[in-house]
Amino acid sequence: MKFIDEAKILVIAGNGGNGCISFRREKYVPKGGPNGGDGGDGGDVYILADENTNTLIDYQFKKIFRAENGKNGYSSNCTGKRGQDIFIKVPIGTRIFENLSKNIIADMIYHGQSLKVVQGGLHGLGNTRFKSSINRTPRKRTMGTSGEIKELFLELMLLSDVGILGMPNSGKSSFMNAVSQKKTKIADYPFTTLTPSLGVVRMDSKNSFVLADLPGLIKGAAKGVGLGIFFLKHLKRCSILLHFVDIFPIDGSDPLENIKIIDFELKKYSVDIIKKPRYLVFNKIDLLNSQEANKRVKEIIKKLNWKKEFHMISVKNKLGLKELCWNIMMLIQKKYLQNYLYKNRNLDLL
């Protein structure tokens with residue numbers, strides 16, 4: 001299925017049903033009183049987060065969603081039927097904006113989360129509502145009101161613990177395939193990965209985390225060059241970033257310069273992303289002997305003045321993968337614990 005992470009839709013709530021003007025007409029009640037019923041309320045439109053939905057592609061074809069109108073009232077004090085609500089299913093991680101104002105309405109972050117985005121019109125009142133001691137035969141009713149209409153912008157931002165980024169052909173997808181059950185397309189040419197993909201890494205029966213593999217970045221990505229710019233926003237939800245570096249690029253490029261290019265593009269796109277915990281992951285060390293690989297990595301780390309964590313791995317030979325994954329798992333657990341303690345910091349004062 002094609003991956004689509006943005007869509008515009010028009011949502012229209014149902015109109016309220018009109019009230020009814022009616023009078024009793026029984027055989028032995030020649031001057032019966034009013035018995036016109038109320039109309040029904042118009043249906044509402046909801047957005048529903050669904051874990052079984054992975055893309056917004058459906059909304060590239062169907063863009064207008066209309067709830068049912070409320071039915072008009074009937075005689076014999078019968079109320080019109082309420083209009084049926086509709087639920088628009090979106091993937092978990094979808095943000096809802098008002099298209100004109102660009103104000104965010106909601107962030108759909110868990111399965112089953114629902115949000116009413118437009119309210120159905122209110123029902124009209126039948127003439128029974130207007131009878132009084134001085135007006136026994138009211139010929140007045142009210143009309144149902146119109147339902148709300150909004151144009152919405154849907155933006156999907158993938159929910160994952162770890163985001164993988166780097167230059168094209170640096171081994172990101174190969175790493176995803178090696179450590180998770182996800183089997184993404186890999187090949188010896190740039191831009192093999194055309195869309196983001198998610199994979200679950202299970203360390204044991206209790207510990208696991210989610211990886212997001214994004215298309216490779218190139219120079220000028222923040223200005224729209226290449227594919228990566230369309231998916232950089234997905235990194236905003238990641239707790240940890242893995243910056244993959246090809247230690248021995250087949251195109252003869254300098255790994256140090258490749259790192260600087262990615263750094264520059266990330267800073268230009270978002271300061272928040274560059275502040276996230278990030279590992280440098282030097283891949284394809286099997287192409288060099290151990291001394292040569294260590295020498296290259298130490299030189300790069302020194303020139304970058306890199307103070308954060310880094311790893312040397314070979315996805316092809318599965319060298320260093322388990323250690324890297326366990327380090328990621330421990331960092332994620334630490335962050336979860338810190339968040340839990342922060343949220344519950346005042347419980348002992350209650």
Please lay out, stage by stage, how Ile240 and Ile328 fare under the test side chain to side chain contact (heavy atoms under 4.5 Å, CB included).
CA-CA 8 Å; Ile240 304 166; Ile328 293 170; 4.1 Å; yes

Quick one: do the [X] and [Y] side chains pair a donor with an acceptor below 3.5 Å?
X      : Y      : answer
Lys71  : Asn69  : no
Asp38  : Thr79  : no
Gln113 : Asp107 : no

Do the side chains of [X] and [Y] join up, straight or via other hydrophobic residues, at under 4.5 Å, putting them in one cluster?
X      : Y      : answer
Val315 : Val297 : no
Met157 : Leu56  : no
Ile247 : Leu319 : no
Leu288 : Val281 : no

For His311 and Tyr279, what are the C-alpha separation, side-chain angles and deciding distance, and is it a ring pair (Phe, Tyr, Trp, His ring centres under 6.0 Å)?
CA-CA 7 Å; His311 289 263; Tyr279 293 171; 5.5 Å; yes

If you define the side chain from C-beta out and look only at heavy atoms, does anything of [X] sit under 4.5 Å from [Y]?
X      : Y      : answer
Ile259 : His243 : yes
Ile149 : Val11  : no
Arg278 : Trp306 : yes
Met203 : Cys325 : yes
Asn283 : Ser170 : no
Leu211 : Val179 : yes
Asn294 : Met312 : yes
Asn258 : Val245 : no

Determine whether a donor-acceptor pair (N or O, by modelled atom type, separation under 3.5 Å) exists between the side chain of [X] and the backbone of [Y].
X      : Y      : answer
Asn18  : Asn72  : no
His111 : Glu51  : yes
Ser76  : Cys78  : no
Lys276 : Cys238 : yes
Asn35  : Phe23  : yes
Ser75  : Gly36  : no
Asn99  : Glu151 : no
Arg141 : Gly19  : yes
Asn15  : Gly121 : no
Gln84  : Glu68  : no

Can a salt bridge be assigned to the pair [X] and [Y] using a cut-off of 4.0 Å between side-chain N and carboxylate O?
X      : Y      : value
Lys172 : Asp213 : no
Lys236 : Asp272 : no
Asp44  : Lys116 : yes
Arg296 : Glu292 : yes

Within this structure, what is the NZ-CG distance for the pair Lys62 and Asp58, rounded to the nearest 0.5 Å?
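Atom-to-atom, Lys62:NZ and Asp58:CG are 9.5 Å apart.
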
On a heavy-atom basis, which atom in Asp286 and which in Ser314 lie closest, and how many Å separate them?
OD1-OG, 2.7 Å

Among Val117, Ile86, Leu152, Ile12, whose side-chain contact (heavy atoms from CB on, under 4.5 Å) with Phe65 holds?
Ile86

Relative to the ring of Phe87, is the ring of Tyr46 parallel (under 30°), tilted (30 to 60°) or perpendicular (over 60°)?
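Rings of Tyr46 and Phe87: parallel, as their planes differ by under 30°.
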
Are Lys8 and Tyr59 in a cation-pi setup, meaning NZ or CZ lies under 6.0 angstrom from the ring centre and within 45 degrees of the ring axis?
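No, Lys8 does not lie over the aromatic ring of Tyr59.
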
